[in-house]
Amino acid sequence: MAVLTSRVGTLSFRNPFLLASGVWGESGESLLGAWRAGAGGAVTKSIGAEPRPGYPNPTIEEYGRWGLLNAMGLPNPGIRQYPREIAIAREAGVPLLGSIFGQDAREFSELAVAMARTGVLGLELNLSCPHAEGLGSEIGQDPALVGEITHAVKQAVKLPVWVKITPNTADPAEIALAAEAAGADAITAINTVRGLAIDPELGRPVLAHGTGGLSGPAIKPVGLACVWKIAEKVRIPIVGVGGIVSARDALEYLLAGASAVQIGTAVAFEGIGLFGRLPGELGLLLDRLGYPSVSDTVGRAHRPTVPAPPSPGRPNH
Amino acid sequence: MAVLTSRVGTLSFRNPFLLASGVWGESGESLLGAWRAGAGGAVTKSIGAEPRPGYPNPTIEEYGRWGLLNAMGLPNPGIRQYPREIAIAREAGVPLLGSIFGQDAREFSELAVAMARTGVLGLELNLSCPHAEGLGSEIGQDPALVGEITHAVKQAVKLPVWVKITPNTADPAEIALAAEAAGADAITAINTVRGLAIDPELGRPVLAHGTGGLSGPAIKPVGLACVWKIAEKVRIPIVGVGGIVSARDALEYLLAGASAVQIGTAVAFEGIGLFGRLPGELGLLLDRLGYPSVSDTVGRAHRPTVPAPPSPGRPNH
Amino acid sequence: MRRVCRIEERVVETPSTVTLRFDDPTVARPGQFVMIWVPGDDELPMSLSYTGPRKGVTVKRMGDTSGHLLGIAPGTPVGIRGPYGGAFDLSPRRVLVVGGGSGTAVLAPAAEAAHAGGSEVSFALGATTAPEILFSDRLRPLAKELRVSTDDGSRGHHGFVTEVASELLASDRFDAVWTCGPEVMMRKVAEAARPSGTPVFCSVERHMKCALGMCDACALGPYHVCTDGPVFRSEELLALPEFGRWHRDASGSRVGPGA
Amino acid sequence: MRRVCRIEERVVETPSTVTLRFDDPTVARPGQFVMIWVPGDDELPMSLSYTGPRKGVTVKRMGDTSGHLLGIAPGTPVGIRGPYGGAFDLSPRRVLVVGGGSGTAVLAPAAEAAHAGGSEVSFALGATTAPEILFSDRLRPLAKELRVSTDDGSRGHHGFVTEVASELLASDRFDAVWTCGPEVMMRKVAEAARPSGTPVFCSVERHMKCALGMCDACALGPYHVCTDGPVFRSEELLALPEFGRWHRDASGSRVGPGA
Ligand SMILES: Cc1cc2nc3c(=O)[nH]c(=O)nc-3n(C[C@H](O)[C@H](O)[C@H](O)COP(=O)(O)OP(=O)(O)OC[C@H]3O[C@@H](n4cnc5c(N)ncnc54)[C@H](O)[C@@H]3O)c2cc1C
Ligand SMILES: Cc1cc2nc3c(=O)[nH]c(=O)nc-3n(C[C@H](O)[C@H](O)[C@H](O)COP(=O)(O)OP(=O)(O)OC[C@H]3O[C@@H](n4cnc5c(N)ncnc54)[C@H](O)[C@@H]3O)c2cc1C
Ligand SMILES: Cc1cc2nc3c(=O)[nH]c(=O)nc-3n(C[C@H](O)[C@H](O)[C@H](O)COP(=O)(O)O)c2cc1C
Ligand SMILES: Cc1cc2nc3c(=O)[nH]c(=O)nc-3n(C[C@H](O)[C@H](O)[C@H](O)COP(=O)(O)O)c2cc1C
Ligand code: FES
Ligand code: FES
């Protein structure tokens with residue numbers, strides 16, 4: 001069977017399916033559970049400086065099996081309490097990325113140092129937190145700020161740093177380029193897509209916070225477009241996330257340029273057992289399509305095997 | 001039954017369900033067909049200066065009943081041929097908005113003048129065309145350009161001008177504000193969400209153009225968030241579009257701040273007969289919920305009837 | 001999928017608990033819970049105390065939201081998601097139901113269903129004081145035996161319901177024990193049942209947000225209460241160092257004496 | 001939903017047409033079409049010339065893409081969407097099939113299905129020249145009568161297939177006429193059938209993009225060929241000033257003599 005090992009820079013995973021941040025990542029035993037189920041690795045819940053309860057409920061709106069809107073509000077036990085959770089998973093050998101979020105470069109680098117001490121293999125910077133200067137925009141929408149934070153974190157720690165990109169911007173590749181220039185080791189794309197749910201009977205927004213983030217199959221095309229456009233511009237590896245529920249979906253991300261993928265919402269729709277099925281399914285798919293390994297698929301859709309024939313008769317170019 | 005008349009500034013429609021641009025809008029008889037089916041009005045296909053064949057096929061990727069990705073590439077017969085199509089619909093009394101797209105303010109205003117002569121009730125500016133200065137970005141992602149084009153068009157014609165907003169930007173409300181400041185009479189939100197489809201078996205993007213625009217139910221939360229955020233900022237009316245397939249969906253947009261709605265992809269999923277069913281369904285829904293008219297629903301979710309009780313005990317604000 | 005239901009009936013059960021009934025055709029089984037959203041306020045997990053088409057939740061005043069929910073008038077719309085979680089296995093022929101305070105809420109429909117299916121059901125219901133005993137009128141008609149205890153001795157046994165349960169377990173034979181109440185209480189019930197080897201099923205509460213087994217708010221050892229529970233076998237729970245000792249608050253921080 | 005199928009067989013039918021067969025379990029009815037994507041090139045509408053599990057399209061070389069499609073080797077994967085559009089009504093007991101050139105492709109599976117259902121099927125098949133007559137060997141075994149015409153007289157009647165159709169319509173009685181070919185030809189067939197009142201069903205082509213009744217590329221009067229067609233009754237078509245006179249190109253511009 002095709003080799004499923006997935007390499008993201010210097011990090012290597014037994015398969016390309018990682019648990020996405022914010023899902024099953026608050027408790028150490030859940031991180032361990034995802035690994036035992038079969039995940040290639042896991043990203044922790046995004047951890048901040050202080051314990052945060054997150055937004056009040058409702059924090060979730062479901063759409064069939066194709067979408068989910070959430071506004072959890074970055075609940076987390078804070079960087080002082082969280083290392084005991086990491087320890088549970090790390091001692092069992094789970095390859096972990098520590099996700100952190102903060103208000104500015106200084107807070108990010110302090111968190112990075114603390115997170116690095118827990119023994120995680122790398123860091124993921126969640127830049128979807130609100131911009132300190134207000135206006136409700138996200139830090140990750142500003143390339144200069146992304147560069148500044150990435151740089152500060154890279155100065156502070158030796159670990160590989162993945163920068164997680166928001167799709168809620170005119171040009172995600174521009175943000176990715178800023179992260180790369182500042183020393184990021186990989187780009188994770190994408191976080192959730194800005195959305196809102198209204199209850200027509202109650203005449204009000206459903207989520208306590210108002211707006212939220214859309215995830216699940218509905219955003220797969222959005223995530224693929226981001227990965228595609230980022231892959232055209234950056235040289236560092238990309239980790240694809242957004243709407244993956246099947247080995248096929250994952251392969252689409254790999255072909256678009258991702259070296260590994262993350263899975264969030266599908267855990268709600270399919271259960272954690274999904275991580276047990278996906279590697280085998282991907283292996284069969286790669287065998288059928290003649291790819292000897294995951295690495296051989298990465299970015300392949302940018303240079304398809306069957307070249308386009310000359311076609312001067314096309315209506316438009 | 002509740003009054004279904006929908007007012008967008010000085011324009012009035014028999015019901016709030018308008019045909020969205022690009023769907024059933026290339027031929028005059030199709031525009032007329034949408035009206036005969038029951039639409040409150042129709043927006044034409046986006047018309048440019050010259051005939052354009054659009055991108056080659058494949059131009060469409062379907063996702064179940066919840067999404068559609070397209071890269072038609074703005075095919076249109078050009079402003080010289082198109083007035084004969086408009087005439088067919090206009091002579092039958094169809095309330096029409098003429099959608100136009102161009103490369104810059106000058107082209108937009110020339111098109112506006114030509115379109116105004118056809119007898120349309122108003123214009124809709126499609127700003128999703130590629131930015132003249134390249135980089136693949138859309139004109140509608142640049143607030144300055146949006147202001148400039150809107151201003152030029154308003155100088156050139158007396159008709160109401162609706163400015164159609166892209167969701168592919170960090171802050172759609174900022175774009176809407178720029179349009180309002182430049183004299184726009186209404187904001188149409190949203191156009192399609194940037195997306196890409198990869199075929200894993202063929203190892204290449206599906207659409208001939210590569211990236212495309214996602215539409216249908218998948219983008220309803222995205223459209224609602226845009227309308228919500230725009231309604232918080234602008235005073236001019238908003239026309240909601242994105243993922244509407246039912247009267248409930250439409251009511252969500254109205255409550256979020258839209259004065260009317262447009263329907264595109266649902267025509268593919270449900271057929272044009274949808275326009276015959278929706279007004280009655282909306283009427284029943286409004287009756288049940290105690291709204292005497294469509295106007296009474298507009299923006300109501302911003303000031304819900306049942307006020308939030310004081311709740312100091314909430315975990316977080 | 002979320003839906004909006006109007007409260008049809010409001011029944012004051014005890015000084016601190018109120019049952020709210022609403023019509024909802026969704027199929028539910030005893031033991032399952034719903035997420036109930038009080039518009040303009042929070043959304044809370046509540047076990048179904050009635051599982052038929054006219055469903056019910058029996059709410060105890062804890063903080064602001066439960067207080068607000070408890071006070072809402074018939075006719076008021078609420079948002080409902082669910083039912084979520086697993087149910088009680090109704091096959092045991094002789095069941096002992098041990099309810100502590102409002103914990104009886106989730107046990108009542110299970111007891112009714114088991115009784116309707118021909119099982120013998122006995123009850124040990126406890127509360128702080130006599131008027132807080134929940135559902136004794138509802139359950140007495142189907143009880144093989146129904147015993148009550150109060151902390152203040154104002155009704156029935158003066159002491160803990162676990163003591164009554166122990167007596168019943170010693171004097172009678174059961175195929176299963178169903179219990180819901182404070183975790184220390186459920187732990188004692190489980191210990192009392194151990195000699196006879198009677199399996200004990202506990203309905204457990206943890207902080208809940210998504211109810212979809214995703215957000216990890218309700219993590220309990222390797223389990224998620226929203227999807228793996230809320231009904232667990234006592235052995236699963238007793239194996240967890242945290243059971244009866246600590247839980248996680250809304251931030252995921254460990255709180256409680258043993259945290 | 002789109003899917004990828006490998007070409008299993010490639011059959012050269014005439015000097016300008018090739019049939020490509022592929023396995024696709026999707027249920028299709030004679031008259032329907034698929035969108036077939038030649039990866040790296042365009043996606044084109046093609047009527048199904050075989051509608052069973054091993055489906056087929058019979059492609060005529062028109063421009064680059066059809067030329068490319070026509071040349072692809074067995075084993076090559078193509079993208080398939082559909083089947084789309086409506087089908088021929090197979091209930092008429094006596095059918096006259098009038099095929100012009102590659103237009104016979106869509107009529108062949110309909111004729112086979114009608115014959116299998118017990119109907120009598122007669123054929124008038126035309127082409128520019130003898131080797132271009134499509135499917136005469138395939139259809140002869142089921143024909144009550146099969147007549148051929150060529151523009152150059154190299155086989156059968158020397159002249160237009162409409163003349164042969166007129167003769168058959170005059171000499172025999174039919175419950176329906178099915179036709180596909182150039183629009184002027186179909187117009188003539190419809191006129192020839194008018195005296196007898198025999199209903200005529202025409203399979204029509206227009207530029208196609210979405211095939212979902214949305215993009216308007218295939219607009220034909222008040223109809224969309226992809227969803228309302230491709231099979232229309234001749235009266236519907238003859239009522240349209242554009243039928244046989246003009247069509248829309250990829251930009252939606254009207255092209256043709258009568259535009
Ligand atoms: C599966 C399950 C079933 C339940 N069934 C019932 C029932 O039938 N009847 C009943 O009265 N209560 C039930 N509860 C408990 C009920 O959800 C809490 O008492 C209620 O949330 C208190 O909310 P509050 O805002 O009034 O209190 P707060 O003042 O906010 O808090 C009081 C207590 O309630 C807990 N709490 C607050 N929010 C939540 C939440 N989202 N999820 C879980 N606990 C929370 C807090 O941790 C705290 O311990 C159930 C809980 C769970 C998990
Ligand atoms: C419902 C339907 C069924 C058809 N069935 C068959 C069939 O069974 N066999 C067959 O050989 N042909 C069939 N065609 C016609 C076939 O699609 C065109 O001949 C083919 O698209 C030519 O493509 P090209 O790129 O080679 O030619 P081009 O050089 O691009 O154009 C040649 C001609 O083909 C037309 N054409 C190009 N693209 C399209 C398009 N997307 N949709 C429609 N017409 C197009 C052009 O308008 C032009 O008239 C059918 C068309 C339709 C609409
Ligand atoms: C409930 C929930 C919580 C999330 N929390 C976080 C988080 O804390 N940090 C983060 O970087 N992303 C968070 N995300 C985003 C996911 O990691 C992921 O980027 C996104 O959901 C898209 O992937 P999916 O479609 O597989 O869910 C969260 C997503 C969900 C659904
Ligand atoms: C096939 C197709 C073609 C479209 N063409 C145009 C267009 O020419 N001009 C435009 O402003 N919007 C165009 N749109 C966008 C729609 O008008 C609408 O904004 C979008 O599809 C979201 O609405 P929906 O979910 O109801 O389709 C097109 C959408 C589709 C699906
Ligand atoms: S409440 Fe979110 S995992 Fe249980
Ligand atoms: S091909 Fe798009 S409407 Fe027919």
Side-chain angles (χ1 to χ4, degrees), chain A residues 52-56 61 63-64 66-67 69 73 75 135-138 141 167-171 193-205 208 210-212 214 217-219 221-222 224-226 228-229 248 251-253 255-256 285 289 297 300-301 304-306 311 314-317, chain B residues 52-56 61 63-64 66-67 69 73 75 135 137-138 141 167-171 193-205 208 210-212 214 217-222 224-226 228-229 248 251-253 255-256 285 289 297 300-301 304-306 311 314-317:
Chain A
R52 249 179 87 96
Y55 300 127
E61 173 83 341
Y63 303 95
W66 54 261
L69 191 72
L135 290 169
S137 67
E138 304 165 25
Q141 292 170 334
N168 304 315
T169 168
D171 186 2
V193 177
R194 177 184 51 225
L196 177 92
I198 300 263
D199 187 291
E201 317 259 337
L202 302 173
R204 59 167 71 234
T211 52
L214 188 64
I219 70 164
V222 181
L224 284 170
C226 288
W228 181 268
K229 293 204 161 274
R248 265 182 89 88
L251 180 53
E252 288 168 27
Y253 270 96
L255 294 166
L285 189 56
L289 298 174
T297 66
R300 275 307 286 277
T305 336
V306 187
S311 56
R314 283 192 185 187
N316 188 26
H317 264 293
Chain B
R52 248 180 88 96
Y55 300 128
E61 174 82 340
Y63 303 94
W66 54 261
L69 191 72
L135 289 168
S137 66
E138 304 166 25
Q141 292 170 334
N168 304 316
T169 168
D171 186 2
V193 177
R194 176 185 51 225
L196 177 92
I198 300 264
D199 187 290
E201 316 261 335
L202 301 173
R204 58 167 73 234
T211 52
L214 187 64
I219 69 164
K220 189 183 71 172
V222 181
L224 284 170
C226 288
W228 180 269
K229 293 204 160 274
R248 264 180 91 89
L251 180 54
E252 289 168 27
Y253 271 96
L255 294 165
L285 189 56
L289 298 174
T297 64
R300 275 306 286 278
T305 336
V306 188
S311 55
R314 284 190 184 187
N316 186 26
H317 265 291

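Every chain is numbered from 1 and lettered A, B, ... according to where its sequence line falls, protein lines coming before strand lines.
Interface remark: of the candidates B/Arg300, B/Lys220, B/Glu61, B/Arg248, B/Arg248 forms the most heavy-atom pairs closer than 4.5 Å to chain A. Between chain B and the options A/Leu224, A/Val193, A/Leu69, A/Ile198, the largest number of non-hydrogen pairs under 4.5 Å is found for A/Ile198. Looking only at heavy-atom pairs under 4.5 Å with chain B, the residue among A/Pro205, A/Gly212, A/Gly67 that has the most is A/Pro205. Put simply, of B/Pro200, B/Ala197, B/Gly203, the one with the most heavy-atom pairs under 4.5 Å next to chain A is B/Pro200.
Both the backbone and the side chain of B/Pro217 come within less than 4.5 Å of a heavy atom of chain A. Both the backbone and the side chain of A/Val222 have a heavy atom closer than 4.5 Å to some heavy atom of chain B.
Here the shortest heavy-atom pairing between A/Trp66 and B/Ala218 reads CZ3-CA, 3.5 Å. Heavy-atom minimum distance, B/Pro221 versus A/Leu214: CG-CD1, 4.0 Å. Pairing each heavy atom of B/Leu255 with each of A/Asp199, the nearest pair is CD1-O, 4.4 Å.
Put simply, the side chain of A/Arg194 gets close to the backbone of B/Ala170: a donor and an acceptor are under 3.5 Å apart.
At a threshold of 4.5 Å between non-hydrogen side-chain atoms, the residues A/Pro304 and B/Leu202 do not count as touching.
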